[in-house]
Q: 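The following block contains the structure, expressed as structure tokens.
Numbering of ligands and ligand atoms starts at 1, following listing order.
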Amino acid sequence: MMQSRSTYTASSRKEKERLLQGSMMFASRLEYGFRIFISIDALAPDPTICPHHIFISTICRPPPPFECLNSPSTPPTMSSPLTCNVCDTEGDKRDGQNHTKIRSTHKPPHDHTSQITPTMDSLTLVCTASLLAAGLYWFVFILGSAEQKGKHAVQLSGGSIQRENVQENYNQYWSFFRRPKEIETAEKVPAFVDTFYNLVTDIYEWGWGQSFHFSPAIPGKSNLESTKIHEQMAVDLINVKPGQKILDAGCGVGGPMRAIAAHSGCNVVGITINEYQVSRAKAHNKKAGLSHLCDVVCGNFLEMPFEDESFDGAYSIEATCHAPKLEDVYSEIFRVLKPGKLYVSYEWVTTDLYRGEDPEHVEIIQGIERGDALPGLRAFSDIADVAKKVGFEVVKERDLAKPPSRPWWSRLKMGRIAYWRNHIVVTVLETLGVAPKGTMDVHEMLFKTADYLTRGGETGIFTPMHMILLKKPEKP
Ligand SMILES: C=C(CC[C@@H](C)[C@H]1CC[C@H]2C3=CC[C@H]4[C@H](C)[C@@H](O)CC[C@]4(C)[C@H]3CC[C@]12C)C(C)C
Ligand SMILES: C[S@@+](CC[C@H](N)C(=O)[O-])C[C@H]1O[C@@H](n2cnc3c(N)ncnc32)[C@H](O)[C@@H]1O
């Protein structure tokens, strides 16, 4: 960049050396404290500054403690023929390569310090780039991954849906709600639920973790620990022994399955309607070294591909709420359970505080149904009746969300700042074409759903953890 020019006199060269020394000292003093500002400034180049020397010119904005060789008594004008003390090119002259108007290096105040080039130039450039890269990495990977073991934001996909069809599938998902009769058609529900999980599975994993359910907050325990305790309680309730075979109806990506297998030593078979979740669950099982205890099948829990009386126990966590008719899934679970064995379910229901005539209550429940692919929430009082109807004995029934349990929705509320950050991450990634088109819409839907769920919890009209423990009677 520095070119020798025979037009320079010895004294001007000496003077320049002196200047260069002074500039270096000054700049090194400034460099440490100002680097960030310099870098930011440098990102918005002033068009009157020589583009080649932009960084250095910016460093030297504070007046230097020495005289400028080229500082003219009158500031240079567009027409004044000055010489650039960095590249020694005369003002207004174009070299066709690096400099548009060399005159611009003489923009007051003193831009002579641009002589610190090229080391400073590249150093600042490298530092700026590194800072930006580190910031971006931190934002997307560290902050962007709300749950430690979740997915990274850059991996967000539409599940088994091809990326160019994500937007269309999201629109289709909403069309179920625009035509309420569709949703009442029970046979269409599994496909609608499947579409939903293609759209949300990655976002759930990214922002929530591998267990797609709520749990009561436990003082002094992390979300991950509280979740595990809630899952282990389910298997403790069904009283199974190591080596026995248990069913996970609606297993998601298998967070509960792995916790339960590791805790109980049982063989867990999970079923989910969503093919993408099967592949995720299998990959997680393998990574956790639990493939020998955990198996996952893609299928409909309304008509399971399992033999009658083939399981020693069964559980479902926040999954059977997707069934258009609860008796259909309960009767299937009844069929595959061995006589005398237990089944526990954590159900999503409206509580006795829900009033169908209260417009706010209706709005909240509708909001929960639409954002969670539910064909219609049931009342807590219906659950035991359905269970008895299909042949189960009710052993225990309790809303695990009731005090002294701590609010399950506090995790949703605490995450609000994270949701905004996620919203920015998703917007950036979709705009850059990294995340498929439609991801922003799905994220926005979940964002609103989180609000409805919180309101459901705060008003007490809804619970996602109505626990019911059922027994298949022994054969007479
Ligand atoms: C049982 C079901 C799912 C329950 C929960 C696991 C999910 C319900 C709402 C979801 C979320 C809402 C807000 C999202 C946020 C905007 C995003 O940035 C990160 C992910 C969320 C936190 C997401 C995580 C999962 C939920 C809490 C239903 C479907 C029967
Ligand atoms: C909210 S997720 C819960 C997953 C898991 N129980 C957990 O807690 O992580 C609901 C699960 O039910 C499954 N599901 C819903 N309807 C289903 C159906 N008809 N057949 C099989 N699985 C179904 C979904 O695919 C999803 O895996």
Q: Does Ser331 use its side chain to pair, donor to acceptor, with the backbone of Glu327 at less than 3.5 Å?
A: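 Pair found, side chain donor or acceptor close to backbone of Glu327.
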
Q: Any sub-3.5 Å donor-acceptor pair from Asp202's side-chain atoms to Ser157's backbone N or O?
A: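 Here the side-chain-to-backbone pair exists.
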
Q: Which residue holds the protein heavy atom closest to atom 26 (C) of ligand 2, what is that atom called, and what is the gap in Å?
A: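 Result: Gln277 OE1, 3.5 Å.
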
Q: Taking the six-membered ring for Trp, are the ring centroids of Trp208 and Phe214 within less than 6.0 Å of each other?
A: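 So the answer is yes for these two rings.
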
Q: I'd like to know if the side chain of Tyr197 reaches the main chain of Tyr276, judged simply by a donor and an acceptor atom lying under 3.5 Å from each other, with no hydrogens or angles considered.
A: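 Such a contact is absent between Tyr197 side chain and Tyr276 backbone.
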
Q: For atom 15 (C) of ligand 2, which candidate among Ile271, Val193, Val189, Asn198 provides the closest heavy atom?
A: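 When every heavy atom of Ile271, Val193, Val189, Asn198 is considered, Val193 comes closest to atom 15 (C) of ligand 2.
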
Q: Whether Arg370 engages the ring of Trp174 as a cation-pi pair (distance to the six-membered ring centre under 6.0 angstrom, angle to the ring normal within 45°) should be assessed.
A: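 No, Arg370 does not lie over the aromatic ring of Trp174.
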
Q: Distance to 0.1 Å, residue and atom name: give those for the protein heavy atom nearest to atom 25 (O) of ligand 2.
A: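 Of the protein heavy atoms, Thr272 OG1, 2.8 Å lies nearest.
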
Q: Donor-acceptor pair, Lys338 side chain versus Asp312 backbone, under 3.5 Å?
A: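 No.
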
Q: If you have a sec, work out which protein heavy atom is nearest atom 13 (C) of ligand 2 and how many Å separate them, to one decimal?
A: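 The closest heavy atom on the protein side is Gly250 CA, 3.6 Å.
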
Q: Look at atom 8 (O) of ligand 2 and say which protein heavy atom is nearest, naming residue and atom and giving the distance to 0.1 Å.
A: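 The closest one turns out to be His213 CD2, 3.0 Å.
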
Q: Give me the residue, atom name and distance of the protein heavy atom closest to atom 22 (N) of ligand 2.
A: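 Heavy-atom neighbour on the protein nearest atom 22 (N) of ligand 2: Ile273 N, 3.1 Å.
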
Q: Does Val269 offer a backbone N or O that forms a donor-acceptor pair with the side chain of Asp248 under 3.5 Å?
A: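 No: the side chain of Asp248 does not pair with the backbone of Val269.
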
Q: Which residue is it: Trp348, Phe380, Tyr354? I am looking for the one with a ring pair (Phe, Tyr, Trp, His ring centres under 6.0 Å) to Phe462.
A: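 So the option named by the test is Trp348.
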
Q: Short N/O distance, under 3.5 Å, between Asn300 and ligand 2?
A: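 Yes, since at least one N or O of Asn300 sits under 3.5 Å from an N or O of ligand 2.
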
Q: Can you list the atoms of ligand 2 that are under 4.0 Å from a heavy atom of Ser211?
A: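 It comes down to these atoms of ligand 2: 9 (O).
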
Q: For atom 18 (C) of ligand 2, state which one of Phe301, Phe214, Trp208 supplies the nearest heavy atom.
A: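 The residue whose heavy atom sits nearest atom 18 (C) of ligand 2 is Phe301.
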
Q: For ligand 1, list all ligand N or O to protein N or O distances below 3.5 Å, rounded to 0.1 Å.
A:
residue: ligand 1; atom: 18 (O); partner: Asn422; partner atom: ND2; Å: 2.8
residue: ligand 1; atom: 18 (O); partner: His443; partner atom: NE2; Å: 2.6

Q: Which atoms from ligand 2 have a heavy atom of Glu318 less than 4.0 Å away?
A: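 Listed by number with element: 1 (C), 3 (C), 10 (C).
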
Q: Please work out, at 4.0 Å between heavy atoms, whether the side chain, the backbone, both, or neither of His322 comes within that distance of ligand 2.
A: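 Within the 4.0 Å criterion, His322 contacts ligand 2 through side-chain atoms alone.
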
Q: Specify the protein heavy atom at minimum distance from atom 24 (C) of ligand 2: its residue, its atom name, and the distance to 0.1 Å.
A: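 Going by distance alone, atom 24 (C) of ligand 2 is nearest to Tyr197 CE1, 3.5 Å.
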
Q: Is it the side chain (CB and beyond), the backbone, both or neither of Phe212 that lies under 4.0 Å from ligand 2, heavy atoms counted?
A: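 For Phe212, backbone and side-chain atoms both sit under 4.0 Å from ligand 2.
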
Q: Counting only N and O atoms by type, is there a donor-acceptor contact under 3.5 Å from the side chain of Asp328 to the main-chain atoms of Leu302?
A: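 Not at all, since once roles are kept as given, no pair shorter than 3.5 Å links the two residues.
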
Q: Answer side chain, backbone, both or neither: which part of Cys251 comes under 4.0 Å from ligand 2, heavy atoms only.
A: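 Contact part for Cys251 vs ligand 2: backbone (N, CA, C, O).
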
Q: When you check the side-chain N and O atoms of Glu430 and His443, is any donor under 3.5 Å from an acceptor?
A: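 Note: Glu430 and His443 side chains miss the donor-acceptor criterion.
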
Q: Would a distance-only check, ignoring hydrogens and angles, find a side-chain to backbone donor-acceptor pair under 3.5 Å from Glu332 to Met304?
A: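 Present.
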
Q: Would a distance-only check, ignoring hydrogens and angles, find a side-chain to backbone donor-acceptor pair under 3.5 Å from Ser316 to Ala319?
A: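 Checked: no pair found.
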
Q: Counting heavy atoms only, which of Gly252, Ala319, Ser316 comes nearest to atom 12 (O) of ligand 2?
A: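 Among Gly252, Ala319, Ser316, the closest heavy atom to atom 12 (O) of ligand 2 comes from Ala319.
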
Q: Are any side-chain N or O atoms of His322 and backbone N or O atoms of Leu374, one a donor and one an acceptor, separated by less than 3.5 Å?
A: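 Not a single qualifying donor-acceptor pair exists.
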
Q: Quick test: of every protein heavy atom, which one is nearest to atom 21 (C) of ligand 2, and how far off is it to 0.1 Å?
A: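 Result: Gly299 O, 3.1 Å.
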
